[in-house]
There are 2 protein chains.
Amino acid sequence: MQYTISDVAKRAGVSTATVSKVINDKMYVSSRTKEKVLKIMNELNYTPNVSASNLAKKVTKNILYADRFYKGIPFKNPHMFDIICGAEDELSRRGYHLTLLNLDKDTKKIEQILEDTMTSKSADGMILNGALVTPRIERIMLNFDFPQICIGKPNFDTILSWIDINNSLSANMAVEHLLNLGCRKLAFMGGQSGDEIFIDRLRGFQIALQKNDIIVQEEFITYNEPDIDVIYNSAMQLLQSPNRPDGIICTNSLMAVGTMRAIKSMKLTMPDDIALVAFDDYPYTPLISPKPTVIEIDVFSLGVHAVSHLMRKIKDPATIIQTYTALPRLIKRETS
Amino acid sequence: MQYTISDVAKRAGVSTATVSKVINDKMYVSSRTKEKVLKIMNELNYTPNVSASNLAKKVTKNILYADRFYKGIPFKNPHMFDIICGAEDELSRRGYHLTLLNLDKDTKKIEQILEDTMTSKSADGMILNGALVTPRIERIMLNFDFPQICIGKPNFDTILSWIDINNSLSANMAVEHLLNLGCRKLAFMGGQSGDEIFIDRLRGFQIALQKNDIIVQEEFITYNEPDIDVIYNSAMQLLQSPNRPDGIICTNSLMAVGTMRAIKSMKLTMPDDIALVAFDDYPYTPLISPKPTVIEIDVFSLGVHAVSHLMRKIKDPATIIQTYTALPRLIKRETS
DNA sequence: CTGAAAGCGCTTACAG
DNA sequence: CTGAAAGCGCTTACAG
């Protein structure tokens, strides 16, 4: 049997209005009646029904995390779920819930899903994968005047709010590290040209080199498919060139595996012959030796920050947030 | 501006009761008025306010997924999030939402979190990590009579509902496969004795061998820490013994990497000298060659099934579900 | 400081 | 088939 606010009111000999005030810790209730009410609430083990409270307050205390949650994606992209964990953490601290909104439905288009959920008023705001946002979706979001923040800058000019990793800055960090070690011929083991994260990191790489008056050698920048053999061969070519690099940055952990395999097969040693820095510990670092120096990015915190910004926006809907949150950390290990 | 049910009623010239009936597709409303109402709803782009509807219906259309969502867990245990994706998929198909309930709070104990959320009536049911369930938590759940299902059988006798992977059956599948290939001396590269998944798989291994009248050789069962060098050495010992196994089952993908490294360094070939089957493609299979034969387990479906059972339990709270859902699939590749 | 009353936006017997 | 009215369990001006 569940008690309601009127059960409490009755037993405490006060009105439901007064009980409501102590529940919500409003001022203007005498400490005597407050205590009395609290005592009854305790005895009855009473907790307010949040649905009723939310309806009356016209809030939901609920935030949506909108992305594509299809089968297997946690294996492909665990980062996304670490962001979600960060968002959940910060939301629950603020008395909010995080519910998942799957934009990957064969029956409905993304636009339709978003419109329906916004009109149904089932959440106070939304965290949205920026990569999924189109100008058309931007318009829908603005029409509804629904508090939102994108994870990842949309790939067009927008007045939506977003928060993103500063990949360029992270690459800069890797470059500075290698330059400090005395490296002067830096190579970049990159992904494919459609991979925005890689492209940002590459840009950071290039800018950092220019800033240090080092010429960017085009042949030292490689574009690789995510296949271990392709990467290996690509690295071999780099290492066999008469003008061999003395420092290599790998855009992810798979690149690091392939590249280090090549370095070892050339009987070169790290960091003496060649220093190496990789992005992302995950998922292959446990497998490789020597342990690679790595730039780690705290995506959990990205989720936390996204929520903080979204909350500001809920309070003041006019706010626009567009910000890079860097949070890279260099973990120096055995390859540099 | 958001329209309400009375706006619709007014413009359609009917009562809100009637509008409610067409929203909920109740019978006993003439097709003429139904059409009229639908037309207005469409014109106004009206969607019912779910909070209000839920309050009146005394439901929330919300299911909690309760587990520990701390920083970094998606990297350690992406399976958990694939289960979540499966649950979300099935829930949204049924008009429910999935919200995360983090049991990993330093300010509150698990018991307290569960009690508070259940009394607050913010969900109609709960999916709960069975590994976290204690007899004390069992009592709380039963007290509240709250529809629940555990993912993973709790490690004590319980009348809570649970659904689990049939690890034992999966191991059986691996054994049968190797026996069919003619192997007779099977080894098992296992994890640590506290790892329940491994223990279940080991049991399946042993039972399958006994069923086939093959003696289980104790020295062929190894217990290994999750460290690549430890695994390698353990496998080497197995391979160097005078009585070398002709088939090996690896309890996970890390075991497969270490074991295959040992096999290769012994200049043995797969599957001719030795056949190998591993559990889990993830995360290391992309790195290894030859491509390992693997028993894959569909955890996304586990989430889907958990939801189906939970829904039955919501309809009929007396239902108790305790079931193994196997869903293993053998993917034959180059090592067997 | 306290309470009566209206309201949040729906649904549900019930009467017609 | 349709609608008036009470109800879901809270909150919020407002009057006292």
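Chain identifiers are assigned alphabetically (A, B, ...) following the order of the sequence lines, protein sequences preceding nucleic acid strands; residue numbering begins at 1 within each chain. Atoms considered below: every heavy atom in the structure, side chains included; atoms not considered: hydrogens, waters and symmetry mates.
- Closest to the B:S15 side chain, of the nucleotides D:dG3, C:dT11, C:dC10, is D:dG3.
- Atom-to-atom, NZ of A:K57 to P of C:dG9 comes out at 16 Å; the value is rounded to the nearest Å.
- Summarising the geometry, the separation between CG on A:L55 and C1' on C:dA6 is reported as 14 Å, rounded to the nearest angstrom.
- Rounding to whole angstrom units, NZ of residue B:K58 and C1' of C:dT12 are separated by 12 Å.
- Checked against D:dT12, C:dT2, C:dC10, the side chain of A:S30 finds its nearest nucleotide in C:dT2.
- Residue A:T18 has no polar side-chain atom (N or O) positioned under 4.0 Å from OP1 or OP2 of C:dT2.
- A straight line from NZ of B:K61 to P of C:dT11 spans 12 Å, rounded to a whole angstrom.
- Taking only side-chain nitrogens and oxygens, B:S53 never comes nearer than 4.0 Å to OP1 or OP2 of C:dG9.
- Within 4.0 Å of B:T33, counting heavy atoms only, lie sugar-phosphate atoms of the nucleic acid but no base atom.
- Using a 4.0 Å heavy-atom distance criterion, A:N54 is classed as making no nucleic acid contact.
- Where B:K34 and A:S6 each meet DNA chain D at their nearest nucleotide, the meeting point lying more 5' is that of B:K34.
- What separates OH of B:Y46 from C1' of C:dG9 is a distance of 7 Å, to the nearest Å.
- Between B:F81 and A:F81, the distance from one ring center to the other falls under 6.0 angstrom.
- The aromatic rings of A:H79 and B:F75 stand perpendicular to each other, their planes meeting at an angle above 60°, with 30° marking the opposite boundary.
- Among the atoms of the strands shown, only primed sugar atoms or phosphate atoms (P, OP1, OP2) are found under 4.0 Å from some heavy atom of B:V14.
- Side-chain proximity of A:A17 to the nucleotides C:dG9, D:dT2, D:dT12 is greatest for D:dT12.
- The CZ atom of A:R32 sits 13 Å away from the P atom of C:dC1 (whole-angstrom rounding).
- Heavy-atom nearest nucleotides on DNA chain D were determined for B:A56 and for A:K21, and the one closer to the 5' end corresponds to B:A56.
- In this structure, B:I23 places its CD1 atom 10 Å from C1' of C:dT11, rounding to the nearest Å.
- Between the side chain of B:K121 and the base of D:dG9, no donor-acceptor pair of N or O atoms lies under 3.5 Å.
- Looking at A:Y70 and A:N102, their side chains never come closer than 4.5 Å, going by heavy atoms from C-beta outward.
- For the pair A:I110 and A:T134, the minimum side-chain heavy-atom distance is 4.5 Å or more.
- Both A:V29 and A:T16 sit near DNA chain C, but only A:V29 has its closest nucleotide nearer the 5' end.
- Nucleotide C:dC1: paired with D:dG16 (Watson-Crick or G-U wobble, both distances less than 3.5 Å).
- The aromatic rings of A:F69 and A:Y65 are tilted relative to each other, their planes meeting at an angle between 30° and 60°.
- Distances were taken from every side-chain heavy atom of A:I5 (C-beta onward) to each of D:dT11, D:dT12, D:dG3; the shortest belongs to D:dT11.
- The nearest whole Å value for the distance from the CG atom in A:N49 to the P atom in D:dG7 is 17 Å.
- Atom CG of A:D157 is surrounded by 12 or fewer heavy atoms from other residues, nucleotides or ligands within 6.0 Å.
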